[in-house]
There are 2 protein chains.
Amino acid sequence: MARRNDHSRDEIREMALKAAETIILEKGKDGLSARKIAQEIGYTVGTLYLIFKNLDDLILHVNGRTLERLYEKLSSEQQSSSDSKTALLQLAKTYINFAENESNRWKVVFEHRAQTDNTTPEWYQERVGKMFTAVETHLSRLAPHKSPSEIKDAARALWGGVHGICMLALTDNLDITGVESADTLTQSLINNYLAGFTAG
Amino acid sequence: MARRNDHSRDEIREMALKAAETIILEKGKDGLSARKIAQEIGYTVGTLYLIFKNLDDLILHVNGRTLERLYEKLSSEQQSSSDSKTALLQLAKTYINFAENESNRWKVVFEHRAQTDNTTPEWYQERVGKMFTAVETHLSRLAPHKSPSEIKDAARALWGGVHGICMLALTDNLDITGVESADTLTQSLINNYLAGFTAG
DNA sequence: CTAATTTATTGAACATTGTTCAATTAATAA
DNA sequence: TTATTAATTGAACAATGTTCAATAAATTAG
C-alpha cells in the first residue's frame, strides 16, 4: 500500500501510463482495466481518477505516447541516405516494423473511440499531424514544382495507403498469407504512386 | 415475453442480428450489449446464448453481413460503363460512401478483436477475399500482361490504400478538415498508382 | 382427456467492469 | 501535542458477459 507522498502526481501518472502500456502490449485493449493498472503500480483505483478524467482519458495519453514514439523513429531516419524515393520506402518499412512490433499498442490507437464530447484534444491532433511531416519533406523534394497543399494532400493519400495495408495485414483482413506481405505491398504502392505523382 | 415456438431458431437469430445492427448503427459498438439486444427482440439474454456462442460470435456475424452488403454494392456496379479506370474510381466512391453511411457498422468490422482461439472462421475469410474481386477484374483489364498473382497483389495494395485513407478519415486521423477529403485523396491515390502500374 | 415427457425459455447468480466519494490516515502547521 | 490539511483508500453502485438450474409450454403416451 503506497503511503502518502511516496510519489508525486507526475510520478504516479508516469507509472500508470507505463503499466497500461505494458498490459496493452501483452494482452491488448481488452486485457486492460483500471484495477489492473492500480494493482500494478501499488495504488488503488481511486487514485487513478485523481489523475486521469477516466479510463478513456488514460488510454488517449497512452496513444499519444505511442504516436510520439513512432514519430521519433520516423524522424530519426538518416535523411542523408541517397534519394528521397529510397527514403520514403525506408519510412514505410520503419512504420510497418513499428506497427508489427507493438501491434497491440498500435491497434489501440485506432480502436479507441472518440471522447464523449466527440472532440480530440489539440495536443493529440498535433501528434497526428506530425506523422505526415517526414513524408511531406521527401515528397516535396521529389516534386519541387508542386504546391504545399498538393504536397500535403499527396502525403495523406500515400501514407493513408501505407497505413491501410499495414492495418489490414495486422487485423488479418488482407486475405493473403504471411505478414511480410505488408512490406511487399507498401513498396509496390509507393513505387507506383510516385511514378504517377512525379510525372503528373 | 415471447412464448415457446413463437419463432424458429433462425427467426430469432435474424431478429437478434437485425437488432444488433440497428444498435451499432445508432450507438456504435459501445452501445451494444447482450441485454439490449434481448430486450429489443422480446427475449432474454439466455436465449441469445442458445443461438450464438457468445457476444463476439454474434458481432462476427454482424460483421459478415456488413461485408456482404458492401460486396453487393460493389459488384452491382454497372461494369458496362466506359473504361476500367473510371470503374475503379467509381468503386472507391461506392466504398467510401458505404463506409460513411454506415460508419459505426464499418468501424466495428475492424474494432472487433479476433476470437480467443485467434482464428477467423473460413466463411468469414471468404467474405473478406471477395472484397477484392471487383478490383482485380478491372486491374487485369488495365494490365492484361500481368500475371494473376501480380494482379492479386496489386488489388490488395491499391485497395488497402483506399481503405486506409477511408479509415483515417472516419476516425479523424487524417489531420485534414472535411470528410469529402477521403474522396479526393483516394482518387489521387488511384490515378497515380495506375499510372505506375499500367506503365510498369 | 389426462398424465408423463421433452424441450424452449427464463432469470437469478457470479465475476468483473468503470466510476464516485465519504471515510480514513498520514503529513504538516499551530 | 494538538489541530488542520490533503492524499489515499475502498466500499458501493450500476452495468457488463456468461452460465445453468428451474420453469413452463408443447408434445407424446396411456
Side-chain angles (χ1 to χ4, degrees), chain A residues 1-17 19-21 23-24 26-63 104 108 111-118, chain B residues 1-17 19-24 26-63 104 108 111-117:
Chain A
M1 208 98 46
R3 312 271 278 264
R4 185 176 174 182
N5 285 356
D6 257 11
H7 305 97
S8 72
R9 284 274 139 112
D10 278 355
E11 282 171 334
I12 298 178
R13 194 189 152 81
E14 177 66 23
M15 285 158 53
L17 289 174
E21 283 169 341
I23 295 171
I24 288 173
E26 288 170 359
K27 322 252 184 193
K29 195 190 179 188
D30 289 352
L32 189 74
S33 83
R35 284 174 178 83
K36 278 181 197 152
I37 299 172
Q39 179 172 11
E40 202 64 43
I41 67 175
Y43 281 81
T44 54
V45 255
T47 303
L48 289 178
Y49 285 84
L50 298 172
I51 294 171
F52 299 96
K53 219 177 93 205
N54 50 40
L55 203 63
D56 275 353
D57 182 38
L58 188 152
I59 295 175
L60 188 73
H61 282 88
V62 169
N63 288 344
N104 275 339
V108 172
E111 281 170 10
H112 187 249
R113 314 197 128 281
Q115 310 281 69
T116 36
D117 61 356
N118 218 23
Chain B
M1 207 97 50
R3 311 273 277 262
R4 185 176 173 178
N5 284 356
D6 257 10
H7 305 96
S8 72
R9 285 275 140 113
D10 279 354
E11 281 171 335
I12 298 178
R13 194 189 152 80
E14 177 66 23
M15 285 158 54
L17 289 174
E21 283 170 340
T22 303
I23 295 171
I24 288 173
E26 288 170 359
K27 321 254 185 193
K29 194 190 178 186
D30 290 352
L32 190 74
S33 83
R35 285 174 178 83
K36 279 182 197 152
I37 298 172
Q39 180 172 8
E40 202 63 43
I41 66 174
Y43 280 81
T44 53
V45 254
T47 303
L48 290 178
Y49 284 85
L50 298 172
I51 295 171
F52 299 96
K53 219 177 94 205
N54 51 38
L55 203 62
D56 275 353
D57 182 38
L58 189 153
I59 295 175
L60 187 73
H61 282 87
V62 168
N63 288 345
N104 275 339
V108 172
E111 281 170 9
H112 187 249
R113 313 196 129 280
Q115 311 279 69
T116 35
D117 61 354

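So that the names make sense, note that chain A is the first sequence line, chain B the second, and so on, each numbered from 1.
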Using atom [atom1] of [X] as one end and atom [atom2] of [N] as the other, report the distance to the nearest whole Å.
X	N	atom1	atom2	value
A/Tyr43	C/dA26	OH	P	14 Å
A/Met15	D/dT8	CE	P	10 Å
B/Lys29	D/dA15	NZ	C1'	17 Å
B/Leu48	D/dT16	CG	C1'	14 Å
B/Asp10	C/dA8	CG	P	13 Å
B/Leu32	C/dT17	CG	P	20 Å
B/Asp6	D/dA24	CG	P	17 Å
A/Asp30	D/dT16	CG	P	16 Å

CG of B/Leu32 to CD of B/Glu26, rounded to nearest 0.5 Å, is 11.5 Å
NE2 of A/His7 to OG1 of A/Thr47, rounded to nearest 0.5 Å, is 11.5 Å
Scan nucleotides 19-22 of chain C against the protein and return all N/O pairs shorter than 3.5 Å with their distances rounded to 0.1 Å.
from	atom 1	to	atom 2	distance (Å)
C/dT19	OP2	A/Tyr49	OH	2.7
C/dT19	OP2	A/Leu55	N	2.8
C/dT19	O5'	A/Tyr49	OH	3.4
C/dT19	O4	A/Arg35	NH2	3.1

[X]: which residues meet the side chain to side chain contact (heavy atoms under 4.5 Å, CB included) condition with it, sequence neighbours left out?
X	answer
A/Gln39	none
A/Phe52	A/Arg13, A/Ala16, A/Leu17, A/Asp57, A/Leu58, A/His61
A/Ala19	A/Ile37, A/Glu40, A/Ile41

How bent is the helix from C/dC1-D/dG30 to C/dA30-D/dT1, measuring the angle between the end axes built from five pairs each, rounded to 10°?
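One end's axis against the other's: 30°.
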Qualifying residues under side-chain hydrogen bond (donor to acceptor under 3.5 Å, both in side chains), relative to B/Glu14, sequence neighbours excluded
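B/Glu14 satisfies side-chain hydrogen bond (donor to acceptor under 3.5 Å, both in side chains) with B/Lys18, B/Arg65 once adjacent residues are dropped.
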Name the residue from B/Asn104, B/Ile23, B/Ile24, B/Val108 that meets the side-chain contact (heavy atoms from CB on, under 4.5 Å) definition with B/Lys29.
B/Val108
Any non-hydrogen side-chain atom of A/Leu48 less than 4.5 Å from a side-chain atom of A/Tyr43?
no
Flag the pair A/His112 / A/Asn63 as yes when at least one side-chain heavy-atom distance between them is below 4.5 Å, and no otherwise.
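Yes. Closest side-chain heavy atoms under 4.5 Å.
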Of all the nucleotides listed (C/dG18, D/dG17, C/dT10), which has the minimum atom distance to the side chain of B/Ser33?
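Shortest atom-to-atom distance from the side chain points to D/dG17.
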A/Lys36 side chain: which of D/dT16, C/dT17, D/dT8 is closest?
C/dT17
